[in-house]
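Single-structure report; data block below.
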Amino acid sequence: MTARTSDESQPAGGARYEPAELERGWQRRWEQDALYATPDHVEGRENWYALTMFPYTSGDLHIGHWFAMAPSDAAARFRRMQGYNVLFPMGFDAFGLPAENAAIRGQIHPRDWTMANIERMRGQLKRMGAMFDWRRELNTSAPDYYRWTQWWFLQLYRQGLAYRAEAPVNWCPSCNTTLANEQVVDGACERCDTAVEQRRMAQWFFRITRYAEQLLGHEGLQWPEYVKLMQRNWIGRSEGAEVSFALERPAPDGTAEIRVFTTRPDTLCGVTFMVLAPEHPLVEQITTDAQRAAVRAYVEATKHATEIERQSTEREKSGVFTGAYSVNRITGERVPVWIADYALLTYGTGAVMGVPAHDQRDFEFARRFALPVRVVIAPPGWDGAPLVEAYLGPGVMVHSGRFDGLPNEQGKGAIAQYAELEGWGGPRIAYRLRDWLISRQRYWGAPIPMLYCEQCGIVPVPEQQLPVELPYDVEFRPTGQSPLALSERFVRTSCPQCGRAARRETDTLDTFMCSSWYFMRYADPHNRERAVGDQAAQNWLPVDQYTGGSEHATMHLLYARFFYKAARDAGLVPGDEPFTRLFSQGQILGPDGRRMSKSRGNVVAPDAQVEHWGADAFRAYLMFLGPWEQGGPYDVDGIVGVSRWLHRLWALITQPPRTVAAPVAESIHGPLLAQPPRPVAAAVAESPRELRRLAHRTLQRVTSDLEHFQLNTMIAALMEMTNGLQRLRDAGPVDAAAWEEGTRLLLLMLAPSCPHLAEELWAQTGRPYSIHQQPWPAADPELARRESVEIAVQVNGRTRGRLTVAADADEAAVRAEASGHPAVRDLIAGKTVERVIYVPERLLNLVVR
RNA sequence: GCCGGGGUGGCGGAACUGGCAGACGCAGCGGACUUAAAAUCCGCGGCCGCAAGGCGUGGGGGUUCGAGUCCCUCCCCCGGCACCA
């Protein structure tokens with residue numbers, strides 16, 4: 001076919017479907033008309049906040065972004081057509097390491113790199129044809145955004161939720177920065193897979209653990225169960241007790257006890273040793289001279305071990321005796337105090353009571369070092385023989401003095417209470433969740449708005465002085481120290497309290513902090529006085545529908561919930577939770593079924609797909625692939641099916657059938673006149689009903705599918721309807737009014753998934769701009785109803801024939817007709833019909849003997 | 001190891017609440033149109049079998065008139081957690 005030059009935005013009817021031209025034309029028009037600008041309030045419309053996770057500014061939109069965003073857009077458009085005032089914003093998660101690494105590698109400033117990427121990605125996003133309100137675009141690296149990120153830091157600091165502490169932290173030697181616990185995967189850096197080391201450093205933390213209990217509750221949230229479960233597991237709540245053991249000889253600093261957390265207070269009398277984490281502050285103090293050398297060597301070795309080495313459960317237990325002893329407060333017994341790296345400083349109290357008989361780890365430790373094993377929970381039928389492994393099951397308490405004879409489950413509470421009564425412990429709850437480490441020793445992030453004054457110590461930067469701007473001129477050297485530390489101009493400042501010389505904090509904020517509140521800023525993106533104004537927050541928060549990848553289940557989604565709760569406690573936002581509904585789409589894979597990556601050579605570039613097939617076809621195909629929550633491989637050959645469908649649809653609308661029920665010409669474009677009754681052929685007389693049934697049945701399916709994000713079956717339903725209309729058209733003359741109604745519904749249903757084509761065909765058939773401002777049609781169940789249905793006739797559960805009967809036929813009638821069916825008649829001849837099961841519109845089953 | 005999710009044609013997948021398994025597509029085969037090809041259109045298509053019929057939703061067992069769907073058990077794949085006391 002020769003290339004045809006046409007009016008870009010309004011090709012003439014009957015022309016060939018040229019998606020690329022047509023889509024650009026409508027995108028321009030929508031932008032000119034600000035069709036998708038969302039006011040804060042529209043009289044008579046309820047607000048609906050639909051949000052899809054914003055992209056990191058990596059430089060290119062990849063297929064995963066399309067897979068996440070295009071269906072989200074369809075859902076948002078559907079809500080809009082349903083009458084909501086829908087906010088569907090877009091922005092850029094623009095701070096982060098890759099920008100800085102690019103700077104180190106190749107002579108480009110992180111800001112320039114990022115800004116260029118944003119330019120590029122904005123263009124790619126616009127090509128998607130989504131209803132993003134670009135007036136609310138965010139860039140987390142812009143001073144007028146990170147100013148408020150810094151403000152949030154100060155806000156949390158005021159609330160006592162931000163603190164600086166020296167603690168062992170996760171250090172990635174490749175990224176040259178610390179990492180939050182959530183960024184360590186299997187002991188390695190989430191970003192670069194390098195083994196993580198432990199370093200002791202003074203760092204800033206958020207006290208997310210204070211909200212552990214609240215974060216555990218997901219009441220009222222319409223979230224996937226598995227995401228809630230992942231969060232619960234991550235938070236890891238354990239009920240137990242804290243118990244103190246007296247030190248035989250108090251430490252030099254006066255400490256006279258070792259406190260431990262245990263989930264098994266019932267086994268307290270089975271303690272035969274104690275274990276401190278090697279980093280535990282008591283270690284240095286209680287170690288005897290005789291043991292000092294060995295202890296120091298062990299502590300040193302632990303320091304150098306990576307997290308992978310330390311956390312391996314395969315490894316044999318190791319440890320060293322400190323020479324010190326502690327005393328069991330119940331039994332009065334003296335037990336040795338060891339250090340071992342299976343005790344973790346950051347969980348519980350950093351110390352463990354060793355009960356080898358009832359804890360497998362303690363058992364292995366005791367066996368390795370020939371420590372005694374004492375059974376205090378008798379396994380049922382136990383004859384007193386030595387254990388070959390720890391006994392973890394229920395039983396009766398023995399060798400436990402006054403608690404002997406108690407079932408151990410009761411013993412847990414009894415001992416915890418006893419400890420409380422005696423003042424050396426009590427019931428406690430421990431969480432696996434750690435406080436959120438937010439300091440990063442890198443340049444491209446929001447500077448932490450804090451100062452260190454010789455006189456006043458740690459001083460927050462006054463709010464009026466925000467933002468603490470990132471200086472442009474810095475040296476990028478991966479030294480393990482923030483590049484900001486090398487910039488004297490940045491560092492040197494004066495104390496706002498006393499005016500003396502002060503130094504700025506040179507670490508920057510974890511970029512997860514930028515994304516913990518961005519959804520609030522969309523509600524009020526240009527506010528110069530507040531992060532988000534009260535009215536804007538009331539208008540839009542919380543987010544009604546959030547969509548994004550499940551890889552953020554325990555990071556972004558947990559952090560954002562923490563932020564929101566802290567904001568709520570400060571009276572800044574309504575409700576308790578930021579995201580009322582969450583839908584997590586799956587991951588899109590390469591055609592080979594593996595994760596897309598350049599090294600595997602299985603990357604499919606969305607730009608090329610869009611160029612070749614058009615945004616509408618690409619959007620629809622991503623929806624058609626399969627269940628959205630599942631993701632799956634992207635088959636480059638499959639999209640042709642969707643493209644063919646859109647071409648057929650184009651032909652269907654631009655080449656309408658011969659119609660009856662005149663006047664024909666007006667009935668398509670103008671208002672419909674009442675249909676004069678006139679004799680027509682039987683086939684034509686039947687067609688309006690059939691056509692309307694098809695249209696309204698499809699409308700029922702599509703409406704329900706959109707409500708449930710079942711977009712694959714939605715596309716299938718639209719294809720079926722297109723095929724059906726095609727068949728009706730090709731069969732002969734069609735009723736004009738029914739055709740008009742059917743095609744109108746089809747285009748309206750197409751609008752969420754293929755907004756350009758729907759708009760084009762809507763315009764070509766003379767309907768008023770814009771289809772995206774039309775209300776979603778209501779299905780008429782009466783029209784959707786089937787009058788006759790095919791049912792299966794079974795004999796003893798096996799299908800032997802089919803019958804077409806009236807949909808509301810009663811059992812007797814169907815049975816009578818079935819008995820006349822030859823195959824059925826032969827099978828029931830001479831037998832007794834014992835039972836008849838009739839499922840209307842489905843089947844008739846005759847049970848015979 | 002523990003906790004989730006999942007195994008359906010050659011492929012992606014469909015199947016409301018236990019009711020005709022394989023919708024809708026891709027690839028394939030046959031045909032029409034064409035000088036030819038592409039594109040398009042029509043038709044076929046789970047497996048075995050000439051047919052009648054039989055067998056089929058990871059394997060085995062069960063409940064039921066009837067099981068992809070419910071119960072028991074085993075296998076495999078994916079995700080999360082894992083020395084958290």
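To find a chain, count down the sequence lines: A is the first, B the second, and so on, and within it residues start at 1.
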Looking only at atom [atom1], what distance separates [N] and [M], rounded to whole Å?
N     : M     : atom1 : value
B/C55 : B/C16 : C1'   : 28 Å
B/G59 : B/C77 : C1'   : 15 Å
B/C2  : B/G54 : P     : 44 Å
B/U8  : B/C3  : P     : 25 Å
B/A15 : B/G7  : P     : 12 Å
B/G13 : B/G25 : C1'   : 9 Å
B/C11 : B/G62 : P     : 30 Å
B/G53 : B/G19 : P     : 26 Å

Looking at [X], I'd like to know whether one of its side-chain N or O atoms comes within less than 4.0 Å of OP1 or OP2 on [N].
X      : N     : result
A/S238 : B/A85 : yes
A/R644 : B/U40 : yes
A/R802 : B/C20 : no
A/N723 : B/G25 : yes
A/N796 : B/G66 : no
A/Y226 : B/G5  : no

Ignoring hydrogens and geometry beyond distance, is a side-chain donor-acceptor pair present between [X] and [Y] at under 3.5 Å?
X      : Y      : value
A/T722 : A/W645 : yes
A/Q609 : A/Y621 : no
A/E257 : A/W424 : no
A/D341 : A/T302 : no
A/H218 : A/R561 : yes
A/R619 : A/S753 : no
A/N723 : A/R648 : yes

Give [X] one of three labels, base, sugar-phosphate or nothing, depending on what nucleic acid heavy atoms sit under 4.0 Å from its own.
X      : result
A/W234 : sugar-phosphate
A/Y431 : nothing
A/R798 : sugar-phosphate
A/A343 : base
A/D637 : sugar-phosphate
A/Q360 : nothing
A/E834 : nothing
A/L229 : sugar-phosphate
A/V847 : sugar-phosphate
A/F261 : base
A/I837 : base

Please pick, from [options], the nucleotide with the shortest atom-to-atom distance to any side-chain atom of [X].
X      : options             : result
A/R432 : B/C20, B/C81, B/G12 : B/C81
A/R835 : B/C26, B/C65, B/G13 : B/C65
A/T263 : B/C20, B/G66, B/A85 : B/A85
A/D359 : B/A85, B/C16, B/C65 : B/A85
A/R315 : B/C83, B/C20, B/A85 : B/C83
A/E720 : B/A14, B/C83, B/C24 : B/C24
A/Y342 : B/C20, B/G13, B/C83 : B/C83
A/F624 : B/C24, B/C16, B/A85 : B/C24

In whole Å, I'd like the distance from the [atom1] atom of [X] to the [atom2] atom of [N].
X      : N     : atom1 : atom2 : answer
A/E190 : B/C81 : CD    : P     : 11 Å
A/L711 : B/C24 : CG    : P     : 19 Å
A/F273 : B/A85 : CZ    : C1'   : 11 Å
A/I715 : B/A14 : CD1   : C1'   : 15 Å
A/N181 : B/C81 : CG    : P     : 11 Å
A/L846 : B/G19 : CG    : C1'   : 14 Å
A/K228 : B/G79 : NZ    : P     : 23 Å
A/W645 : B/G25 : CH2   : C1'   : 11 Å

- Query: Is a donor-acceptor contact shorter than 3.5 angstrom present between the side chain of A/N845 and the base of B/C65?
  - Reply: yes

- Item | Heavy-atom donor-acceptor pair, A/R701 side-chain to B/C24 base, under 3.5 Å | no

- Message: Please compare A/V185 and A/P633 by the position of their nearest nucleotide in RNA chain B and report the one closer to 5'.
- Response: A/P633

- Item | Toward the 5' end of RNA chain B, by each residue's nearest nucleotide, A/R648 or A/T799 | A/T799

Tell me which nucleotide, if any, is Watson-Crick or G-U wobble paired with [N] when both distances must be under 3.5 Å.
N     : result
B/C20 : none
B/C55 : B/G46
B/C81 : B/G1
B/A32 : B/U40

- Message: For B/G9, does the O4'-C1'-N9-C4 or O4'-C1'-N1-C2 angle fall within 90° of 0, making it syn, or is it anti?
- Response: syn

- Item | Sole residue of A/R434, A/E279, A/Q198 in side chain to side chain donor-acceptor pair (under 3.5 Å) with A/T346 | A/R434

- Message: Parallel, tilted or perpendicular, judged at 30° and 60°: which one describes the rings of A/Y391 and A/H358?
- Response: perpendicular

- Task: Would you confirm whether A/D359, through its side chain, and A/D362, through its main-chain N or O, come within 3.5 Å as a donor-acceptor pair?
- Result: yes

